[in-house]
Amino acid sequence: MPHGRDHGQPATSSEALSGRPQVPNFAAAGVVLAGGRSSRMGTSKAALEWHGSTLLRRTVALLTRTIEGPIVVVRAPGQELPALPDGVEVVEDPCEGRGPLQGIASGLAAVGGRASRAFICPTDMPFLHPAFVHAVLSQLRPGLDVALPIAHGYSQPLAAAYRPSVALRAAQLSELGLSCPTALLEEVRVVRLDEASLLCDTALAAADPDLNSLINVNKPAEYRDALSRPCPEVKVYLPGGGLDKSTRAVRAATLRAAATAAEVVITPKVVIALNGVEQTTLDLDLPLVAGDTLAFCKKWGGQRLECSRTYEGLGW
């Protein structure tokens, strides 16, 4: 298993934006809470359409491309979920309607023994950026139980990093009828990360200086407003005539949309790299974020084009 940065160091821009980041020697997990009632939205937020995908699938797939450890979705008992990427685990809350604290307990219990920390977020964070996830996880240093962002005027316990070891206490507090994560935060060791602290991470400051990662959608108007925003701008590298190259910037929320915008027909003879990392599994709904680079290369004579020579700086 390759080693990443020391946990006390901020993520580098290349790691934070990679198609699959370097793996630290302490595994991290991702937990997505999907069991909320969505009462203000009036319909399940998990299944809301998002540029050809769904809100839940985008959030889950974003964590899948960002975190090497297990990715877990926590749902309400019997809740139907939209399609998820391969390898994603689904667990159920033991009881319905007990709020996010129970979901945190369920998710952390599911990854216990397989990860030393977990990034927890809800379904509805369509602008979540890998750099934000890395920045928060990097601040959960030894001796701490939670790395808690405080931004946009609020504490953000549903966009935070947790130790799986607090799962039991979270479950106990939930059994006592408590539903808000604040009850847990009052009993464990927390590092609070204000906006200035978060943006000390150079990768996050470059990729998401306004901390739009923390935008969520609770009401129909908020969903419509988020959906109307421009898609992320990504750079596409295209082979054109032998070893010539061409580049173009396109706006696309998914790999499928980027290929369409760049007029690329994806066939078995096309090799795709995201931020220099070859995509061995084709996922057309792979979420893209601002700053991503895609390379589409052709296989010639059954062999992959040497993109390390064709696309300098992409790491191929």
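At distances below 3.5 Å, not a single donor-acceptor pair connects side-chain atoms of E175 with backbone N or O atoms of A171. Using a distance-only test at 3.5 Å, with no hydrogens or angles considered, a donor-acceptor pair links the side chain of T59 to the main chain of T123. Side chain of R58 to main chain of L288: a donor-acceptor pair is present (N/O by atom type, distance under 3.5 Å, no hydrogens or angles). Proximity of a side-chain donor or acceptor of R251 to a complementary backbone N or O of C231 within less than 3.5 Å is detected. Under the 3.5 Å distance criterion, the side-chain polar atoms of Q279 are matched with a main-chain donor or acceptor of V277. Within the 3.5 Å criterion, the main-chain N or O of E96 finds no donor-acceptor partner in the side chain of D93. Of the possible polar contacts, one joining the Y162 side chain to the P157 backbone as a donor-acceptor pair under 3.5 Å is found. At least one donor-acceptor pair closer than 3.5 Å links the side chain of S213 to the backbone N or O of H129. A donor-acceptor pair is defined here as one N or O able to donate and one able to accept, closer than 3.5 Å; no such pair exists between the side chain of R117 and the backbone of A147. Using a distance-only test at 3.5 Å, with no hydrogens or angles considered, no donor-acceptor pair links the side chain of E89 to the main chain of P70.
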Next on the checklist: As a quick check of understanding, evaluate side-chain hydrogen bond (donor to acceptor under 3.5 Å, both in side chains) for K45 and N216, giving each step before the final call.
Outcome noted: CA-CA 10 Å; K45 289 191 285 187; N216 59 9; over 6 Å; no
Next on the checklist: Evaluate D225 against K219 for salt bridge (charged side-chain N to carboxylate O under 4.0 Å, His left out), listing each step before the verdict.
Outcome noted: CA-CA 10 Å; D225 177 69; K219 302 175 182 178; over 6 Å; no
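The shortest heavy-atom contact between A161 and V136 is N-CG1, 3.7 Å. For A34 against L81, the heavy-atom pair with the smallest separation is CB-CD2, 4.2 Å. In plain terms, the two heavy atoms of S44 and Q79 that are nearest each other are OG-NE2, 4.5 Å. Across every non-hydrogen atom of A28 and A115, the tightest pair is C-CB, 4.1 Å. Across L56 and P82, no two heavy atoms sit closer than the pair CD2-CD, 3.9 Å. The two atoms that bring V270 and V265 nearest to each other are CG2-O, 3.7 Å, heavy atoms only.
If you chain together hydrophobic residues whose side chains sit under 4.5 Å apart, I104 and M125 never meet in one group. By the rule that hydrophobic residues join a cluster once side-chain heavy atoms approach within less than 4.5 Å of another member, L84 and I120 end up as members of separate clusters. Hydrophobic clustering keeps L33 apart from L55 (ILVMFWY residues linked when any side-chain heavy atoms are closer than 4.5 Å, directly or through intermediates). A chain of hydrophobic side-chain contacts below 4.5 Å, direct or via other Ile, Leu, Val, Met, Phe, Trp or Tyr residues, connects V264 to L255. V166 and L193 sit in two unconnected hydrophobic clusters of ILVMFWY residues. Membership requires side-chain heavy atoms under 4.5 Å apart, directly or through other members.
From L140, atom CG reaches atom CZ of R189 across 9.5 Å, with rounding to the nearest 0.5 Å. With rounding to the nearest 0.5 Å, the separation of CG in L101 from CG in L185 is 9.0 Å. Rounding to the nearest 0.5 Å gives a distance of 12.5 Å between CZ of R192 and OG of S197.
Contact of the H134 side chain with the T66 side chain is registered, since non-hydrogen atoms from C-beta on lie closer than 4.5 Å. The side-chain heavy atoms of S106 and E92, taken from C-beta on, include no pair separated by under 4.5 Å. Side-chain contact between T254 and L284 is absent, with no heavy atoms from C-beta onward closer than 4.5 Å. Between L211 and E195, some side-chain heavy-atom pair lies under the 4.5 Å cut-off. In this structure the side chain of L198 reaches within 4.5 angstrom of the side chain of P149, judged on heavy atoms. With a 4.5 Å cut-off on side-chain heavy atoms, V234 and V289 do not count as touching. Counting heavy atoms from C-beta outward, L282 and I266 have side chains that approach closer than 4.5 Å. Residues R98 and S179 form no side-chain contact, since every pair of their non-hydrogen atoms from C-beta on lies 4.5 Å or further apart.
A cation-pi contact, defined as under 6.0 Å to the ring centre and within 45° of the axis, is absent between R248 and Y237.
The local environment of CG in D194 is crowded, with over 12 non-hydrogen atoms from other residues, nucleotides or ligands closer than 6.0 Å.
We find that R169 and D145 are not joined by a salt bridge, their nearest charged nitrogen and carboxylate oxygen being 4.0 Å or further apart. A salt bridge is defined here as a Lys NZ or Arg NE, NH1 or NH2 lying under 4.0 Å from an Asp or Glu carboxylate O, and D285 with R256 meets this definition. A salt bridge is absent between R75 and E80: the closest approach of a Lys/Arg side-chain nitrogen to an acidic carboxylate oxygen does not fall below 4.0 angstrom.
Taking the six-membered ring where the residue is Trp, F132 and F119 present perpendicular rings, their angle passing 60° and hence far from 30°.
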